[in-house]
2 protein chains.
Amino acid sequence: MKRQTWQRAAVREALTAREGFVSAQDLHTALKAGGSPIGLATVYRALADLAVDGDADSLQSSDGENLYRACISQGHHHHLICRSCGRTVEIEADAIEQWAAQVAAANGFREPRHIVDVFGTCASC
Amino acid sequence: MKRQTWQRAAVREALTAREGFVSAQDLHTALKAGGSPIGLATVYRALADLAVDGDADSLQSSDGENLYRACISQGHHHHLICRSCGRTVEIEADAIEQWAAQVAAANGFREPRHIVDVFGTCASC
DNA sequence: GCGATTTTGACAATCGTTCTCAGATAGCCC
DNA sequence: GGGCTATCTGAGAACGATTGTCAAAATCGC
Ligand SMILES: [Zn+2]
Ligand SMILES: [Zn+2]
Ligand SMILES: [Zn+2]
Ligand SMILES: [Zn+2]
């Protein structure tokens, strides 16, 4: 079973305080700047756990970094992300879900999963 | 202007000979195994060029590797990829293109780009 | 063939991430 | 509270994909 530590709480809180997607390293830097003595490896582990439990969304940036964001809606959803400021809008689109399932089935593919993210420049940028 | 070298030709050929997506390292290993003295850095550079020129598709695997594949259809398209054998089907879906553009516009996002890939297990796996 | 310019490749450097492992700690039983 | 034990933590090393370096080699226009 998972133990409750102040480190995990701190990571969860720091992540929630952020608007858009953050890297593990950035979050660690922010925590240290706030006076926390938390270790980098711990931040990585906590973020991975949050993502697995569905409490955080994760995606890979174009240069291969893993980015995380506190989840707002609980269910399956996608993102519209500002490539400049990182501001993120959560999107639900049944049409996409159905399309993905249908396309997979039509080609004989089982257990379909999909990656759908939209990037753009937001109104304030 | 781009120069024509046997190295680039070899990379292009090796990539075309493959069915699904390959990593730069795998392709390099295959080339070496075939007797070619080509360097790893050159394979990376050639693949990046192919992707830029639209002659190869590229995507990031879940563990952060860049994968490449010889392009069949020329225009913008997406992929249905077998998570087991790598077999890939190219997909064109105007509905998705329109949906992405519309979702971006509705939220005030300009210059939308999107990532859409479907993974599954193909019929033969 | 010549020369300017580009490309190559061995190797080092980078950088995000994971591993290691000894010490700290949460949760549980008494 | 005190003690026990499995889990968690963190400093640093290790790792692995990718990129940078730079001298030597190759291309292409002349
Ligand atoms: Zn913005
Ligand atoms: Zn979806
Ligand atoms: Zn398959
Ligand atoms: Zn598209």
Side-chain angles (χ1 to χ4, degrees), chain A residues 1-15 18 20-53 55-69 81 83 86 115 117, chain B residues 1-15 18 20-53 55-69 81 83 86 115 117:
Chain A
M1 70 229 63
K2 276 264 139 80
R3 287 186 183 173
Q4 177 67 20
T5 65
W6 65 263
Q7 287 95 334
R8 287 182 197 271
V11 168
R12 181 172 239 133
E13 185 187 337
L15 189 63
R18 291 283 188 128
F21 281 87
V22 218
S23 71
Q25 312 237 23
D26 283 351
L27 207 60
H28 179 239
T29 303
L31 282 161
K32 291 288 244 188
S36 173
I38 194 171
L40 176 59
T42 304
V43 175
Y44 273 99
R45 286 186 284 239
L47 286 175
D49 285 348
L50 286 173
V52 166
D53 298 347
D55 294 326
D57 293 317
S58 67
L59 59 82
Q60 299 177 49
S61 74
S62 48
D63 56 331
E65 254 183 331
N66 279 347
L67 303 183
Y68 297 89
R69 174 168 187 273
I81 304 152
R83 63 168 61 89
I115 300 176
D117 287 304
Chain B
M1 70 232 61
K2 278 260 141 79
R3 286 184 185 175
Q4 175 71 16
T5 66
W6 65 264
Q7 286 94 336
R8 287 183 198 271
V11 169
R12 181 174 239 131
E13 184 187 339
L15 189 63
R18 290 283 188 129
F21 281 86
V22 217
S23 70
Q25 313 240 20
D26 284 350
L27 207 59
H28 179 239
T29 303
L31 282 161
K32 293 287 244 189
S36 172
I38 194 170
L40 177 59
T42 304
V43 175
Y44 272 99
R45 287 186 285 239
L47 285 175
D49 286 348
L50 286 173
V52 166
D53 297 348
D55 294 326
D57 293 317
S58 69
L59 60 81
Q60 299 177 50
S61 75
S62 48
D63 57 330
E65 254 182 331
N66 279 347
L67 304 182
Y68 296 88
R69 174 168 187 272
I81 304 153
R83 64 166 63 87
I115 300 176
D117 286 305

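In what follows, every chain begins at residue 1, and chains take the letters A, B, ... in the order their sequences are listed. Note that the coordinates shown come from a computational prediction; the quantities given were computed from them, not determined experimentally.
For A:Gln60 and D:dA17, the CD to P distance is 14 Å, given to the nearest whole Å. Look at CG on A:Leu31: it is 14 Å from C1' on D:dT9, rounded to the nearest Å. When the C1' atom of C:dT25 is taken as reference, atom CD of A:Gln4 falls 13 Å away, rounded to whole Å. Atom NZ in A:Lys32 sits about 8 Å away from atom P in D:dG10, given to the nearest Å. Atoms CG (B:Asp63) and C1' (C:dC19) sit 16 Å apart, rounded to a whole Å. The nearest whole Å value for the distance from the CG atom in B:Asp49 to the P atom in D:dT19 is 12 Å. B:Glu65 has its CD atom 13 Å from the C1' atom of D:dC15, to the nearest Å.
In this structure, A:Leu15 and A:Tyr68 have side chains that are in contact, with non-hydrogen atoms separated by less than 4.5 Å.
The phosphate of C:dT5 (OP1 or OP2) has no side-chain N or O of B:Arg3 nearer than 4.0 angstrom. Checking the phosphate oxygens (OP1, OP2) of D:dA26, no side-chain nitrogen or oxygen of B:Gln7 falls inside 4.0 Å. Within the structure, a side-chain polar atom (N or O) of B:Thr5 is placed less than 4.0 Å from OP1 or OP2 of C:dT8.
Across all strands shown, B:Arg45 has heavy atoms under 4.0 Å from base atoms, whether or not it also approaches the sugar-phosphate. A:Gln25 comes within 4.0 angstrom of a nucleotide base, judged by non-hydrogen atoms across all strands.
The side chain of A:Tyr44 lies closest to C:dG16, out of C:dG16, C:dG9, C:dT7. Listed nucleotides D:dT18, D:dA11, C:dG9 differ in distance to A:Ala41; the shortest reach to its side chain belongs to D:dA11. When distances are taken from the side chain of A:Lys2 to each of C:dT17, C:dG9, D:dC8, the shortest belongs to D:dC8. Checking D:dG20, D:dG12, C:dT7 against every side-chain atom of B:Arg8, the shortest atom distance belongs to C:dT7. Of the candidate nucleotides D:dT18, C:dT17, D:dT27, C:dT17 has the atom lying nearest to any side-chain atom of A:Leu40. Of the candidates D:dT9, C:dA10, C:dT8, the closest approach to any side-chain atom of B:Thr42 belongs to C:dT8.
From B:Ile38, atom CD1 reaches atom CG of B:Leu27 across 8.5 Å, with rounding to the nearest 0.5 Å.
Panel note: side chain B:His28, backbone B:Tyr44; no donor-acceptor pair is recorded below 3.5 Å. A:Glu65 places no side-chain N or O within donor-acceptor distance of the main-chain N or O of A:Ala24, the cut-off being under 3.5 Å. The closest donor-acceptor contact from the side chain of A:Gln60 to the backbone of B:Ser61 lies under 3.5 Å.
Mapped onto DNA chain D by nearest heavy atom, B:Trp6 and B:Asn66 fall at different nucleotides, with B:Asn66 at the one closer to the 5' end.
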